[in-house]
Enquirer: 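Sharing a structure below in structure tokens format, with a few things to ask.
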Amino acid sequence: MAREVTHEEDGPTILDESDTGDDGKIYVCRCGLSDSKPLCDGSHNATADEEDGVVYKYDGDDPDGERRAIDEIVYERE
């Protein structure tokens, strides 16, 4: 499965000791749906039933938003 996610940030996020969890580890979002990017907030749980080989779009890049399968991602050229 794949997800189309819109990223709006234009610079890095600096992580430090305050970003560690109770277990002393830092969890980085890989699904693209976290409200705490680059940190994981558990939003990936919404993707548990996605099918392999299908590209999904979540409205508003929100795990609670409507999820739909899309045929392709088209990039606009400048």
Side-chain angles (χ1 to χ4, degrees):
M1 89 245 39
R3 249 162 264 103
E4 189 278 328
V5 178
T6 303
H7 294 274
E8 297 178 355
E9 299 301 324
D10 61 1
T13 297
I14 299 171
L15 303 176
D16 61 29
E17 301 82 31
S18 69
D19 295 311
T20 58
D22 294 338
D23 59 2
K25 296 179 181 178
I26 295 176
Y27 293 87
V28 176
C29 174
R30 295 189 312 158
C31 74
L33 298 173
S34 175
D35 284 333
S36 303
K37 285 186 220 57
L39 302 178
C40 174
D41 67 1
S43 292
H44 60 272
N45 291 317
T47 70
D49 61 346
E50 290 181 353
E51 296 180 34
D52 288 338
V54 178
V55 178
Y56 294 96
K57 173 66 179 167
Y58 287 75
D59 283 345
D61 296 333
D62 181 340
D64 295 323
E66 181 183 347
R67 175 178 70 188
R68 64 186 186 283
I70 58 176
D71 293 326
E72 66 179 324
I73 299 173
V74 178
Y75 297 96
E76 185 176 312
R77 291 185 177 199
E78 292 184 24

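Start at 1 with the first residue, then count along the sequence. Because only heavy atoms are used, hydrogens play no part in the values below, and waters and symmetry mates are left out as well, while side chains stay in.
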Enquirer: To check you understand the geometry: which heavy-atom pair defines the closest contact between Glu51 and Tyr56, and what is its length?
Expert: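 Looking at all heavy atoms of both residues, the shortest contact is N-OH, 2.9 Å.
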Enquirer: Calculate, to the nearest 0.5 Å, the distance between atoms CZ and CD belonging to Arg67 and Glu50 respectively.
Expert: 5.5 Å
Enquirer: Sub-3.5 Å donor-acceptor pair from the side chain of Ser34 to the main-chain atoms of Leu39, do we have one?
Expert: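 A pair under 3.5 Å: yes.
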Enquirer: Between Asp61 and Lys37, is there a salt bridge with N-O shorter than 4.0 Å?
Expert: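 Salt bridge absent between Lys37 and Asp61.
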Enquirer: Tell me which donor-acceptor pairs under 3.5 Å the side chains of residues 22-33 have, and how far apart each pair is, sequence neighbours excluded?
Expert:
from	atom 1	to	atom 2	distance (Å)
Asp23	OD1	Lys25	N	3.0
Asp23	OD2	Tyr27	OH	2.5

Enquirer: Suppose we screen for side-chain hydrogen bond (donor to acceptor under 3.5 Å, both in side chains). Which residues come up paired with Thr13, at least two apart in sequence or across chains?
Expert: none
Enquirer: Does Asp71 have any side-chain contact (heavy atoms from CB on, under 4.5 Å) partners at least two apart in sequence or in another chain, and if so, which?
Expert: none
Enquirer: If you take all heavy atoms of Glu4 and Val55, which pair is closest and at what distance?
Expert: N-CG1, 4.5 Å
Enquirer: Report the distance from atom CD1 of Ile73 to atom CZ of Arg3, rounding to the nearest 0.5 Å.
Expert: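 It comes to 11.0 Å.
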